[in-house]
Amino acid sequence: MNLFFNVRKRIISCIDKLAASEAIPHGLALDNIAVEPPRDAAHGDVATNAAMVLAKPAAMAPRDLAEKLGRLLEEFDEVESADIAGPGFINIHLRLPFWHQCLGDILDLKNRFGESTIGEGKKVNIEYVSANPTGPLHIGHARGAVFGDVLASLLTKAGYDVTREYYINDAGAQVDALARSAFLRYREVLGYEIGQIEEGLYPGAYLKPVGQILAKKYKEKFENSSESEWLAPVRNVAIDEMMKLIRSDLAKLGVEPDIFTSERALVDSGEVVACLNDLDSRGLIYEGVLDPPKGKKLDEWEPRPQTLFKAVEFGDDIDRALKKFDGTWTYFAGDIAYHRDKFNRGFSYQIDVWGADHGGYIKRVQSAVKAVTDNQATLDVKICQLVKLLDNGKPIKMSKRSGNFVTLRALVDEVGKDIVRFIMLTRKNDAPLDFDLSSVTAQSRDNPVWYVQYAHARCNSLSRMIARQMPGLDITYSSLKASKFELLTEKSEIDLIKLMAGWPRLIEASAIAKEPHRIAFYLNDLASAFHSLWTQGKESPSLRFMIEDEPELTRARVALVCALQMVIASGLELLGIKPLEEMR
RNA sequence: GGCUCCGUAGCUCAACCGGAUAGAGCACCGGCCUUCUAAGCCGGGGGUUGCAGGUUCGAGUCCUGCCGGAGUCACCA
């Protein structure tokens with residue numbers, strides 16, 4: 001399905017032939033042979049460095065080897081020419097019928113076009129968002145949510161068996177602070193004056209409904225009781241309510257994790273203790289004193305003995321604490337157990353999506369994963385950089401402390417989920433992203449969402465036009481599939497097919513690199529090629545899609561547009577975006 | 001100071017696990033609307049890929065050292 005993969009097979013068969021004829025040695029390493037589109041389309045459809053890679057081990061001059069390979073490649077029907085260029089590249093031009101066949105394949109496969117098997121059904125766990133259950137999600141979470149969700153779709157399309165997971169940090173001091181904040185709201189409902197909410201608690205109004213739920217559930221039960229009595233029950237209610245809130249925020253964005261795992265449940269079930277006992281039995285835990293960090297902040301440093309994990313043995317910079325001063329587990333201790341738990345659930349391939357502020361935590365967790373799975377698991381961590389929210393070029397100020405920050409919900413209500421999703425993927429994940437509220441809804445070339453949707457809608461507008469102007473022409477799906485593709489001979493038409501033919505390769509490359517943003521960029525390219533072709537019809541009537549006295553040519557061109565629409569739609573589908581049928 | 005990420009056209013960014021003459025958009029200049037949505041398209045100028053070395057047939061991409069920016073730095077999550 002991936003044409004570059006197919007050409008690669010051809011090339012390797014040619015290498016085998018050369019080896020069989022003793023022209024080159026047997027068993028040369030083929031791993032470094034690249035088969036890819038040349039940067040400059042004038043160089044051909046497919047280029048390979050095979051001759052350059054093999055030249056040295058074959059003890060031949062690259063160009064001589066290229067010559068031999070090229071001649072053999074030209075024996076294949078679909079190969080028009082195989083030219084030698086530069087230091088020994090082989091540039092392959094494919095014949096028109098090959099591209100016409102591609103178009104037919106796309107129409108046959110519909111939105112399954114682009115599916116790949118490189119994942120080989122391997123289980124992958126993608127953990128993303130994983131925000132503290134202490135309040136509504138904000139705009140920064142939106143990026144991680146979209147990134148993780150689309151990465152999951154992408155890997156699914158590439159043949160992996162993907163599980164989307166959300167880790168609930170419901171065991172630390174933060175949720176105790178949440179409980180205390182909710183308790184204040186509870187007292188507020190009971191008629192007490194709560195005054196200024198103290199530093200360190202959550203002042204947001206979103207906890208008022210939780211206060212009411214508590215009041216309804218417990219009446220005056222905790223009115224005069226001590227914290228040790230009310231903390232746990234209030235905390236449970238508050239966490240439940242926050243998770244409901246978070247789940248509905250995510251759902252608004254079209255994000256629905258497959259499973260939610262609770263940190264507290266891991267602690268309560270003894271998983272954390274079991275995990276650390278295991279490390280301890282292997283001599284990887286000790287009581288020790290860390291050196292102070294070099295450079296800054298020397299003043300507040302006090303050397304203290306702590307329970308430490310030998311992270312250095314597994315690649316981290318220093319050993320890491322497992323217990324806090326009060327004797328409870330650190331977040332890290334829970335995280336070790338959590339990643340081990342994922343491994344025990346069958347995920348030897350794990351991906352975590354984190355915010356930029358957690359970058360310093362990567363080595364630590366990776367070292368733990370190595371230790372705890374005996375190097376049997378791979379953990380990739382993808383970092384999403386900050387999102388800067390702007391309005392007409394001016395930054396919108398946000399402060400989480402005051403409870404005054406732009407929520408994900410408010411953002412989605414303002415511009416819509418599809419736009420949020422697309423814009424979040426208009427930058428590489430590790431680059432900062434500007435999100436300008438005023439420009440993302442603009443209907444112009446510089447708004448990529450609009451531009452891609454417009455291309456999709458334009459495809460429909462062609463069908464409508466045909467129905468009106470050429471009512472006798474059958475452009476049902478089955479008729480389009482049977483149309484005469486050989487009538488498509490214009491360069492720009494074939495170029496469009498070539499671009500579409502690159503979709504499977506793009507999926508695979510994006511999946512390997514774990515870079516879903518490439519899909520958004522590709523869709524932009526596709527849209528651009530189509531808009532260009534469309535406008536060419538203005539100047540050259542022969543290039544129009546609809547030509548009334550040439551029904552067969554028109555049908556073939558509609559088939560081309562139909563295929564394009566399918567590819568755009570399946571790309572948008574991958575991004576979790578609904579393609580628009582018409583622009584309004 | 002340690003670690004991580006980033007540094008590409010005036011601006012915002014691409015560049016497919018090392019490939020050929022580094023590409024788009026915006027802005028600027030010049031064209032294209034009785035005709036499928038001009039909400040668009042075409043053309044032009046614009047670069048020592050932060051600097052200096054190294055690895056090799058070949059480096060924006062890999063390695064080392066600097067410069068500049070962001071994040072982070074026992075015990076929080």
Side-chain angles (χ1 to χ4, degrees), chain A residues 4 32 34 36-40 42-43 47-49 52-53 55-56 62 85-89 91 130-132 134 169 171-175 263 289-298 300-304 306 308 316-321 323-326 330-332 334-335 355-363 381 383 385-386 426-428 430-432 434 442-448 450-451 454-455 457-458 461-466 468-469 502 505-506 508-510 512-513 515 517-518 521-522 524-525 528 531-539 541 544-547 582-583:
Chain A
F4 298 94
N32 290 327
E36 52 194 11
R39 276 198 181 166
D40 187 342
H43 289 145
T48 181
N49 61 355
M52 288 182 290
V53 172
K56 198 176 254 183
F89 285 101
N91 291 328
S130 298
N132 294 330
T134 56
N169 302 137
Q174 304 291 330
V175 287
E263 179 186 8
V289 180
L290 288 175
D291 292 331
K294 290 172 180 164
K296 295 180 181 176
K297 298 206 289 191
L298 290 171
E300 290 189 16
W301 174 263
E302 309 173 33
R304 298 192 206 190
Q306 299 181 90
L308 299 170
D316 202 358
D317 303 317
I318 59 170
D319 291 339
R320 302 293 180 175
K323 278 186 183 175
K324 295 185 266 185
F325 300 146
D326 65 6
T330 60
Y331 180 81
F332 179 50
D335 233 0
D357 53 343
H358 289 62
Y361 198 69
I362 296 176
K363 281 190 187 175
V381 180
I383 291 295
Q385 274 291 344
L386 302 177
T426 52
R427 287 289 175 271
K428 221 176 349 194
D430 50 14
D434 285 351
Q443 302 192 332
S444 73
R445 173 71 180 93
D446 31 329
N447 177 358
W450 175 84
Y451 190 69
Y454 182 29
R458 253 187 169 171
S461 122
L462 177 64
S463 310
R464 280 197 299 270
M465 194 55 56
I466 302 259
R468 199 160 57 230
Q469 308 280 332
R505 177 182 158 82
L506 185 104
E508 291 179 356
S510 309
I512 289 167
E515 292 184 348
H517 74 277
R518 293 190 196 185
F521 281 89
Y522 173 76
N524 196 61
D525 288 347
S528 176
H531 288 311
S532 173
L533 192 51
W534 183 284
T535 312
Q536 282 175 46
K538 298 278 182 192
E539 287 185 29
R544 292 193 184 185
F545 294 108
M546 181 180 71
I547 297 178
E582 62 181 329
M583 307 306 285

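Order of the sequence lines sets the chain letters (A, B, ...), proteins ahead of strands, with each chain counted from 1.
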Item to complete: Kindly say if Trp450(A) contacts the phosphate of G40(B), meaning a side-chain N or O under 4.0 Å from OP1 or OP2.
Response: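 No, because none of the side-chain N or O atoms of Trp450(A) sits under 4.0 Å from OP1 or OP2 of G40(B).
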Worksheet item: Taking only side-chain nitrogens and oxygens of Ser528(A), does any of them come within less than 4.0 Å of OP1 or OP2 of A24(B)?
Response: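 For Ser528(A), the contact criterion (side-chain N or O under 4.0 Å from OP1 or OP2 of A24(B)) is not met.
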Nearest-Å distance for atom pair [atom1]/[atom2], residues [X] and [N]:
X	N	atom1	atom2	result
Ile318(A)	U72(B)	CD1	P	17 Å
Glu515(A)	C16(B)	CD	C1'	9 Å
Lys56(A)	U55(B)	NZ	C1'	12 Å
Arg518(A)	A24(B)	CZ	P	18 Å
Glu302(A)	A74(B)	CD	P	13 Å
His358(A)	U72(B)	NE2	P	10 Å
His531(A)	A24(B)	NE2	P	17 Å
Ile512(A)	U61(B)	CD1	P	22 Å

Discussion item. Could you work out, with side-chain contact (heavy atoms from CB on, under 4.5 Å) as the rule, every residue matching Ala85(A), not counting sequence neighbours?
Written reply: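 Listed in chain order: Asn91(A).
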Return the nearest nucleotide to the side chain of [X]; candidates are [options].
X	options	answer
Tyr361(A)	U37(B), C41(B), A77(B)	A77(B)
Gln306(A)	G40(B), C75(B), A77(B)	C75(B)
Met583(A)	U37(B), G19(B), C36(B)	U37(B)
Phe325(A)	A74(B), G40(B), G71(B)	A74(B)
Tyr451(A)	A15(B), C41(B), U37(B)	C41(B)
Thr535(A)	A74(B), U37(B), G40(B)	G40(B)
His517(A)	G71(B), A77(B), A15(B)	A15(B)
Ala509(A)	C16(B), C26(B), A14(B)	C16(B)
Arg445(A)	C41(B), G19(B), G71(B)	C41(B)

Please list, pair by pair, any protein nitrogen or oxygen found under 3.5 Å from a nitrogen or oxygen in nucleotides 3-6 of chain B.
from	atom 1	to	atom 2	distance (Å)
C3(B)	O3'	Lys363(A)	NZ	3.2

Just the atom pairs and distances: protein N or O near nucleotides 10-12 of chain B's N or O, under 3.5 Å.
from	atom 1	to	atom 2	distance (Å)
U12(B)	O2'	Arg427(A)	NH2	2.5

Worksheet item: Where does RNA chain B pair, written as one dot-bracket string 5' to 3', with Watson-Crick or G-U pairs under 3.5 Å, ( ) inside the strand, [ ] for crossing pairs and | for another strand?
Response: (((((((..((((.....[...)))).(((((.......))))).....(((((..]....))))))))))))....
Worksheet entry | Gln174(A) vs Glu582(A), nearer the 5' end of RNA chain B by closest nucleotide |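 Final value for this comparison: Glu582(A).
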Item to complete: Could you check Phe545(A) against Lys323(A) and say which one's nearest nucleotide on RNA chain B is further toward the 5' end?
Response: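 Nearest nucleotide further toward 5': that of Phe545(A).
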Discussion item. The criterion is side chain to side chain donor-acceptor pair (under 3.5 Å); which residues satisfy it with Thr48(A), sequence neighbours excluded?
Written reply: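 Per chain and number, Thr48(A) pairs via side chain to side chain donor-acceptor pair (under 3.5 Å) with no residue.
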Discussion item. My understanding is that only residues two or more places apart in sequence, or in another chain, count here; which of them pass side chain to side chain donor-acceptor pair (under 3.5 Å) with Gln385(A)?
Written reply: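 Side chain to side chain donor-acceptor pair (under 3.5 Å) list for Gln385(A), sorted by chain: empty.
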Worksheet entry | Asn524(A) versus Tyr451(A), side-chain donor and acceptor atoms under 3.5 Å |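 No donor-acceptor contact under 3.5 Å links the two side chains.
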Discussion item. For the C1' atoms, the ones on G45(B) and on C29(B), what distance do you get once it is rounded to whole angstrom?
Written reply: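 My reading of the C1' atoms in G45(B) and C29(B) gives 8 Å.
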Practice prompt. Pull up the glycosidic torsion of C33(B) and say syn or anti, syn being anything within 90° of 0.
Written response: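 This nucleotide is in syn.
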Go through the structure and list residues passing salt bridge (charged side-chain N to carboxylate O under 4.0 Å, His left out) with [X], not counting sequence neighbours.
X	answer
Arg458(A)	none
Lys363(A)	Asp317(A)
Asp316(A)	Arg320(A)

Please list, for nucleotides 20-23 of chain B, all pairs of protein and nucleotide N/O atoms separated by less than 3.5 Å.
from	atom 1	to	atom 2	distance (Å)
A20(B)	OP1	Arg39(A)	NH1	3.4
A20(B)	OP2	Arg39(A)	NE	3.3
A20(B)	OP2	Arg39(A)	NH1	3.4
A20(B)	N6	Asn91(A)	OD1	2.4
A20(B)	N1	Asn91(A)	OD1	3.0
A20(B)	N1	Asn91(A)	ND2	2.8

When rounded to the nearest 0.5 angstrom, what is the spacing between [atom1] in [X] and [atom2] in [Y]?
X	Y	atom1	atom2	answer
Arg445(A)	Tyr454(A)	CZ	OH	12.5 Å
Asp335(A)	Asn169(A)	CG	CG	7.5 Å
Glu515(A)	Asp430(A)	CD	CG	7.5 Å

Fill in: Partners meeting ring pair (Phe, Tyr, Trp, His ring centres under 6.0 Å) with Tyr361(A) (sequence neighbours left out)
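Tyr361(A): ring pair (Phe, Tyr, Trp, His ring centres under 6.0 Å) contacts with Trp354(A).
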Practice prompt. For Phe89(A), check ring pair (Phe, Tyr, Trp, His ring centres under 6.0 Å) against everything at least two apart and list the hits.
Written response: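 Partners of Phe89(A) under the ring pair (Phe, Tyr, Trp, His ring centres under 6.0 Å) test: none.
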